[in-house]
Amino acid sequence: MLNYRTIVKPLLCKVAPLSLVFACTLKCFYKSLAGNDGGLCCLSCLPGASLKVCPQGFSCCTVEMEEKLSQQSHTEIKAPVSRLSTNLQTIFKERHNHFDNFFRELLKNAEASLHNMFLRTYGKMYEQNSELFGNFFASLTRYYIDGSAKVDLDAMLTDFWADLLERMFRLVNVQFEFSDAYMECVSRNTDELQPFGDVPRKLRIQLKRAFIAARTFVRGLKLMPEVFNKVSTVSATPSCVRAATKMLYCPYCSGQVALKPCQNYCLNVMRGCLANQADLDTEWNNFLDAMLNLADRLEGPFNFESVMDPIDVKISEAIMNMQENSMQVSQKVFQGCGTPKLSQSFRSKRSLKETGFTGRFRPYTPEARPTTAAGTSLDRLTSEVKKKLKHAKKFWSTLPETVCADERIAPGDECWNGTAKSRYELHVIGNGLANQGTNPDVEVDITKPHTVIRSQIAALKEMTIWLKTAHSGNEIIESIDDDSSGESGSGCDSASCEPDIYFFTTTTPIPKGPRVNLVHSNNSAGVPIRGGVTLALCGLIAALLAPRLR
């Protein structure tokens with residue numbers, strides 16, 4: 001990977017004085033005639049006593065030339081790391097965009113599918129209430145983008161089903177007149193009434209887990225290019241540049257242009273130069289394992305596509321449940337909230353037939369599913385990205401081997417060992433900063449970890465916690481005061497806003513504010529009961545028991 005042979009000859013000739021080039025060219029010419037081509041424009045022409053890096057004695061290099069070679073070494077060391085990092089950075093940036101666009105398009109397709117289906121099925125009744133469903137999908141989209149710091153999904157679903165109940169209750173009881181206070185009583189008892197059957201509970205669990213998995217996975221994909229970008233900008237230390245110059249260019253100064261650095265010598269130099277980067281590997285691999293595990297969830301029980309595609313059918317099924325059980329639901333409401341007054345505008349049964357809810361549920365068939373989003377499927381996207389994630393494992397710890405791979409020496413061959421053409425007899429040290437105290441070729445201060453690398457290790461650790469929490473179907477809720485980061489916020493612009501209340505959650509302490517929002521499945525209706533519910537339930541129970549106590 002260290003492609004310096006096409007650079008060093010013109011560089012040496014450029015910085016060498018013209019008289020020296022002429023004299024040394026003649027020597028090289030005569031040497032080539034004798035069958036011993038040095039391959040350089042100069043050979044053993046100058047005393048090298050003043051050189052700072054390369055061995056002393058006669059040399060083709062001056063101090064000025066050695067300085068130029070040191071500058072080139074700095075570029076040569078960074079180039080393969082930057083090239084490899086940029087390649088993966090581009091790959092995962094593209095994968096992030098593919099997933100993000102796919103999920104957003106799924107949301108748009110689901111909304112369009114529901115609109116078309118409900119328009120055909122419920123007609124004017126749907127048109128008059130279409131903003132309810134538009135707001136529903138707008139909230140889902142915002143939840144995908146901003147998370148629970150901006151949208152409380154539980155509360156949003158509670159409001160949606162309560163609002164839908166209010167509208168449907170009016171439609172199936174058009175002969176009565178309902179005040180706002182009466183409808184508040186109805187909505188407060190949504191949990192007890194279960195007008196939509198088990199659909200709200202199941203849909204809440206499916207939506208929560210699928211959205212948490214999707215947005216967390218996309219967030220993980222977004223982090224990867226950021227890590228590559230920041231780590232690849234870390235500059236080589238002066239001691240690393242010195243060691244690289246000695247390894248890469250000192251053979252040329254001694255006229256041994258065809259001599260490659262010994263493999264173990266190259267590994268020691270590169271492990272010293274990339275010691276901080278190698279320390280990323282543990283958390284990097286933990287992060288990738290968490291990404292792969294969450295990808296399995298996306299292919300299985302937390303499949304975002306399988307939840308969003310038939311969501312119109314699920315909501316229509318809930319409406320059908322309410323429609324078919326409207327009499328029982330109305331009787332329970334009348335017992336608990338009181339019998340309403342007849343509407344003055346109600347005149348005949350014909351009015352009820354004309355104004356009542358007459359839409360019927362349209363059976364769902366697989367052929368009715370919307371067009372696949374972004375011309376692909378979630379299974380295909382996930383399968384492709386899993387291969388890339390597996391390929392990226394141990395990237396940082398294997399960088400030295402990857403960089404040195406181009407200069408492999410056959411067993412038994414002599415090579416450049418840093419001082420002469422011979423074999424490299426020193427022990428190869430391990431990866432990471434802690435092992436560099438005994439590095440024979442690069443001076444590394446093991447007491448000063450690089451701040452950029454350490455910050456990326458911390459970012460990977462934090463993201464791994466998010467991924468593992470999402471894998472279990474739960475969510476880490478960011479604190480409201482984290483809004484300054486631009487990542488999330490409370491969604492409240494007023495100074496008088498109360499902190500968000502998260503229903504059906506168990507708080508798990510997480511450093512620096514975040515907490516885990518557990519997705520439970522043991523609540524029958526899947527929606528939290530609003531304020532004053534205790535009094536409302538007591539009144540409803542008393543009304544139901546009253547006939548038996550008489």
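Hydrogens, waters and symmetry mates are skipped; everything else that's a heavy atom, side chains included, is used. Model, not experiment: these values are computed from the prediction.
Under the 3.5 Å distance criterion, with hydrogens and angles disregarded, a donor-acceptor pair is assigned to the side chains of Gln436 and Asn439. A side-chain donor-acceptor contact under 3.5 Å links Asn268 and Tyr424. No hydrogens or angles considered: nothing links the side chains of Ser377 and Asp379 as a donor-acceptor pair under 3.5 Å. Defined by atom type and a distance below 3.5 Å, a donor-acceptor pair is missing between the side-chain atoms of Asn87 and Ser85.
Remark: Gln277 CD to Phe395 CZ distance equals 9.5 Å, nearest 0.5 Å. Distance check, rounded to the nearest 0.5 Å: CZ of Arg423 to CD of Glu425 gives 7.0 Å. Taking CZ from Phe217 and CG from Leu381, the interatomic distance works out to 9.5 Å, rounded to the nearest 0.5 Å. Note that CG of Leu467 is 11.0 Å distant from CD of Glu462, once rounded to the nearest 0.5 Å.
The backbone N or O of Val452 lies less than 3.5 Å from a partner atom in the side chain of Ser455, making a donor-acceptor pair. In this structure a side-chain-to-backbone donor-acceptor pair under 3.5 Å is present from Asn101 to Asn97. Judged by distance alone, the side chain of Gln256 and the main-chain N or O of Lys421 form no donor-acceptor pair under 3.5 Å. Between the Arg204 side chain and the Asp154 main chain, no donor and acceptor come within less than 3.5 Å of each other. No donor-acceptor pair closer than 3.5 Å links the side chain of Arg271 to the backbone N or O of Glu401. A donor-acceptor pair under 3.5 Å links the side-chain atoms of Ser306 to the main chain of Asn303, judged by distance alone. A distance-only check finds no donor-acceptor pair linking the side chain of Ser82 to the backbone of Lys78 [under 3.5 Å]. Formation of a donor-acceptor pair under 3.5 Å by the Arg215 side chain with backbone atoms of Tyr144 is found in this model. Judged by distance alone, with hydrogens and angles left aside, the side-chain atoms of Asn264 form no donor-acceptor pair with the main-chain N or O of Val428 at under 3.5 Å. For the pair Asn417 (side chain) and Ser422 (backbone), a donor-acceptor distance under 3.5 Å is absent.
The shortest distance between side-chain heavy atoms of Asn229 and Pro225 does not fall below 4.5 Å. At a threshold of 4.5 Å between non-hydrogen side-chain atoms, the residues Gln456 and Lys461 do not count as touching. In this structure the side chain of Met270 reaches within 4.5 angstrom of the side chain of Ile77, judged on heavy atoms. The shortest distance between side-chain heavy atoms of Asn431 and Leu274 does not fall below 4.5 Å. Looking only at side-chain heavy atoms (C-beta outward), Trp396 and Val231 come within less than 4.5 Å of each other. Using a 4.5 Å heavy-atom threshold, the side chains of Arg95 and Leu389 count as separate. Within the 4.5 Å cutoff, no side-chain heavy atoms of Thr86 are placed close to those of Phe228. Contact annotation: the side chain of Phe102 approaches that of Glu305 to within less than 4.5 Å [non-hydrogen atoms, C-beta and beyond].
Closest heavy-atom contact between Ala213 and Leu294: O-CD2, 3.7 Å. Across all non-hydrogen atoms, the minimal contact from Ile453 to Asn276 is CG2-O, 3.1 Å. What you find for Asp281 and Ser397 is that their closest heavy atoms are OD2-OG, 2.6 Å. The two residues Ile446 and Gly437 have their closest heavy-atom pair at CG2-N, 3.8 Å. Scanning both residues, Phe304 and Phe103, for their nearest heavy atoms gives CD2-CD2, 3.5 Å. Of all the heavy atoms in Gln72 and Tyr249, the pair that sits closest is CG-OH, 3.0 Å.
The environment of Glu226 atom CD is dense: over 12 non-hydrogen atoms of other residues, nucleotides or ligands sit within 6.0 angstrom.
Both cation-pi conditions hold for Arg297 and Phe302: the charged atom is under 6.0 angstrom from the six-membered ring centre and inside a 45 degree cone around its axis.
By the 4.0 Å N-to-carboxylate-O rule, Glu299 lies close enough to Lys386 to be salt-bridged with it. The existence of a salt bridge linking Lys246 and Asp441 is excluded, since no basic side-chain nitrogen approaches an acidic carboxylate oxygen closer than 4.0 Å.
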Check step by step if salt bridge (Lys or Arg N to Asp or Glu O under 4.0 Å) holds for Asp100 and Lys222. CA-CA 10 Å; Asp100 187 44; Lys222 184 180 180 181; over 6 Å; no
Would you please test Trp416 and Tyr252 for ring pair (Phe, Tyr, Trp, His ring centres under 6.0 Å) and show each step? CA-CA 11 Å; Trp416 177 253; Tyr252 289 85; 9.7 Å; no
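In this model, Cys404 has its SG atom within less than 2.5 Å of the SG atom of Cys266. Sulfur-to-sulfur, Cys60 and Cys253 sit at least 2.5 Å apart at their SG atoms.
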